[in-house]
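Heavy-atom basis, side chains included; hydrogens, waters and symmetry copies ignored.
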Amino acid sequence: MADVTGGAAETGNAPYPEGVPCWVDAQLPDVEAGKRFYGELFGWTFTVAPGDGAHEVWAHIEGAPVAALAPKPDGRLPTVWTVHFATPDAVALTARIVAAGGQVITPPTPVGGLGTAALATDPESAVFGLWQAAAHPGFGRRHEPGTFTWAELYTRDTKAANSFYAHLFHDALFGPDATPDFGRATLTDVFPAEMPPHFLVHFGTEDCEAALRTVSRLGGRVQVPPFDTSYGNVAVVTDNQGASFALLQRRDENGWREAPQAPDQAEQRPDDLRQQGEDRREDEGRPAGERAADGPEDEG
């Protein structure tokens with residue numbers, strides 16, 4: 001079922017809770033080419049972003065904002081989709097990120113009257129954005145075809161990633177009302193070992209195979225053919241300018257959704273991940289000499 005939020009009558013302009021993916025944008029060499037590609041693939045229409053002249057554009061479905069396309073400020077920067085997590089206080093959250101071993105790429109910066117944006121990395125250098133909403137709460141629609149449906153972090157150390165993000169976004173991932181749409185998986189489950197850790201934005205589709213044919217016809221390519229996960233059928237593609245994203249065809253909207261598991265990888269259930277986050281929170285309140293070791297216990 002579609003989730004109509006962020007500006008809809010159901011929620012007004014209430015911001016998303018902290019740690020919930022609330023916006024995605026793509027940095028592209030050619031925004032006009034991006035409009036043609038995504039307009040045909042997802043049925044998006046476009047308007048100039050508020051207060052941004054003729055630079056960034058917002059994509060819409062039935063008048064509701066779902067994503068942004070922006071020109072790369074420097075051709076040396078990657079062509080990439082970025083997921084942004086909601087926060088009520090970007091300054092405080094960036095301080096927590098640094099304290100937990102991450103880095104701040106772009107400090108909190110006001111974006112007109114829309115909100116405050118920041119860009120950060122986790123300890124393995126996976127890049128993600130932060131959004132402190134003002135006039136723009138984020139997605140107007142999500143969890144339906146042509147909109148954001150999931151974000152997967154592909155990492156070399158899932159235990160460390162679970163600890164880092166559970167500490168930052170505990171309530172969004174494990175709170176009593178949490179319905180997380182953000183998972184973690186081992187990088188080499190899907191990608192070559194030389195690829196750096198990264199977030200992969202997933203957009204919904206009703207027919208993954210048909211969407212793949214459209215991607216190829218529009219000049220994109222299939223990076224990883226369809227594979228099954230616990231949250232649906234996924235294919236990884238690149239657009240006609242090289243930005244990677246995933247197509248997700250939901251199999252079942254019910255039940256817990258988490259990252260795909262390698263054949264020899266023990267499945268981690270929500271209670272396991274919650275405990276890792278709680279351990280991290282408890283450790284930070286102890287003197288350094290009393291903190292629990294992260295590695296295996298000494299067998300000697």
Start with the C-alpha distance between T121 and I105, add both sets of side-chain angles, then the distance that settles side chain to side chain contact (heavy atoms under 4.5 Å, CB included), and finish with yes or no. CA-CA 7 Å; T121 73; I105 300 173; 3.4 Å; yes

ILVMFWY cluster, L168 and V98 together (side-chain gap under 4.5 Å): no

Side chain proximity check, L200 to F191, heavy atoms < 4.5 angstrom: yes

Just verifying a value: how many Å separate T186 OG1 and R156 CZ, rounded to the nearest 0.5 Å? 11.0 Å

Ionic contact status for R184 with E124, cut-off 4.0 Å: no

Rounded to the nearest 0.5 angstrom, the NE2-OG1 distance for H198 and T155 is 10.5 Å

Group every Ile, Leu, Val, Met, Phe, Trp and Tyr by side-chain heavy-atom contacts under 4.5 Å, then state whether V91 and F169 land in the same group. no

Has the side chain of Y16 got a donor or acceptor atom that lies under 3.5 Å from a matching backbone atom of A133? no

Please lay out, stage by stage, how T229 and E152 fare under the test side chain to side chain contact (heavy atoms under 4.5 Å, CB included). CA-CA 11 Å; T229 73; E152 190 77 353; over 6 Å; no

Kindly compute the distance separating OG1 (T116) from CD (Q132), expressed to the nearest 0.5 Å. 4.5 Å

Which atom names give the shortest non-hydrogen contact between L218 and N240, and what distance separates them? O-CB, 3.7 Å

CG (D74) and CD (Q27) are apart, to the nearest 0.5 Å, by 11.0 Å

Is any side-chain heavy atom of F46 closer than 4.5 Å to a side-chain heavy atom of W58? no

Do E18 and T87 pair up side chain to side chain, a donor and an acceptor below 3.5 Å, judged on atom types alone? yes

Check for a donor-acceptor pair, side chain of T214 on one end and backbone N or O of A210 on the other, with a separation under 3.5 Å. yes

Is a side-chain donor or acceptor of S163 paired with a backbone partner of K159 at a separation under 3.5 angstrom? no

Apply side chain to side chain contact (heavy atoms under 4.5 Å, CB included) to the pair L28 and D239, showing each step before the final yes or no. CA-CA 10 Å; L28 302 174; D239 66 17; 3.7 Å; yes

Minimum heavy-atom separation for T82 and V201, please, with both atom names. C-CG2, 4.3 Å

Going hydrophobic residue to hydrophobic residue with side-chain gaps under 4.5 angstrom, can you get from V104 over to Y165? no

Where A178 and A172 come nearest, the two heavy atoms and their spacing: CB-O, 3.2 Å

For F199, the option from Y154, F85, W81 that meets ring-ring contact (aromatic ring centres under 6.0 Å, His included): F85

So if you build clusters from Ile, Leu, Val, Met, Phe, Trp, Tyr with side-chain heavy-atom gaps below 4.5 Å, do L93 and V111 land together? yes

Pair F128, I97 - check side chain to side chain contact (heavy atoms under 4.5 Å, CB included), show working. CA-CA 11 Å; F128 60 96; I97 288 169; 3.9 Å; yes

Atom of T238, atom of F245 and distance for their closest heavy-atom approach: C-CE2, 4.3 Å

Do F203 and V66 come close enough that some side-chain heavy atom pair is under 4.5 Å? no

How long is the straight-line distance from CG of D207 back to CZ of R213, given to the nearest 0.5 Å? 6.5 Å

Are any non-hydrogen side-chain atoms of Q223 and S244 less than 4.5 angstrom apart? yes

Under the criterion side chain to side chain contact (heavy atoms under 4.5 Å, CB included), which of L119, D122, V80 is the partner of V127? L119

Non-hydrogen side-chain atoms of L130 and P108 separated by less than 4.5 Å: no

Under a 4.5 Å cut-off applied to non-hydrogen side-chain atoms, are L248 and R250 in contact? yes

Which heavy-atom pair separates F174 from A166 by the least distance, and what is that distance? CE1-CB, 3.3 Å

Are the side chains of T79 and P29 in touch, meaning some heavy atoms are under 4.5 Å apart? yes

For E56 and A68, indicate whether the former's side chain and the latter's backbone hold a donor-acceptor pair under 3.5 Å. no

Value for NE2 (H167) from CZ (R96), rounded to nearest 0.5 Å, stands at 6.5 Å

Side-chain donor or acceptor of D171 paired with backbone N/O of G175 under 3.5 Å: no

Could you report the tightest heavy-atom contact between L153 and A126, atom names first, then the distance? CD1-CB, 3.6 Å

Using a 4.5 Å cut-off on heavy atoms from C-beta on, say whether the side chain of T205 contacts that of F42. no

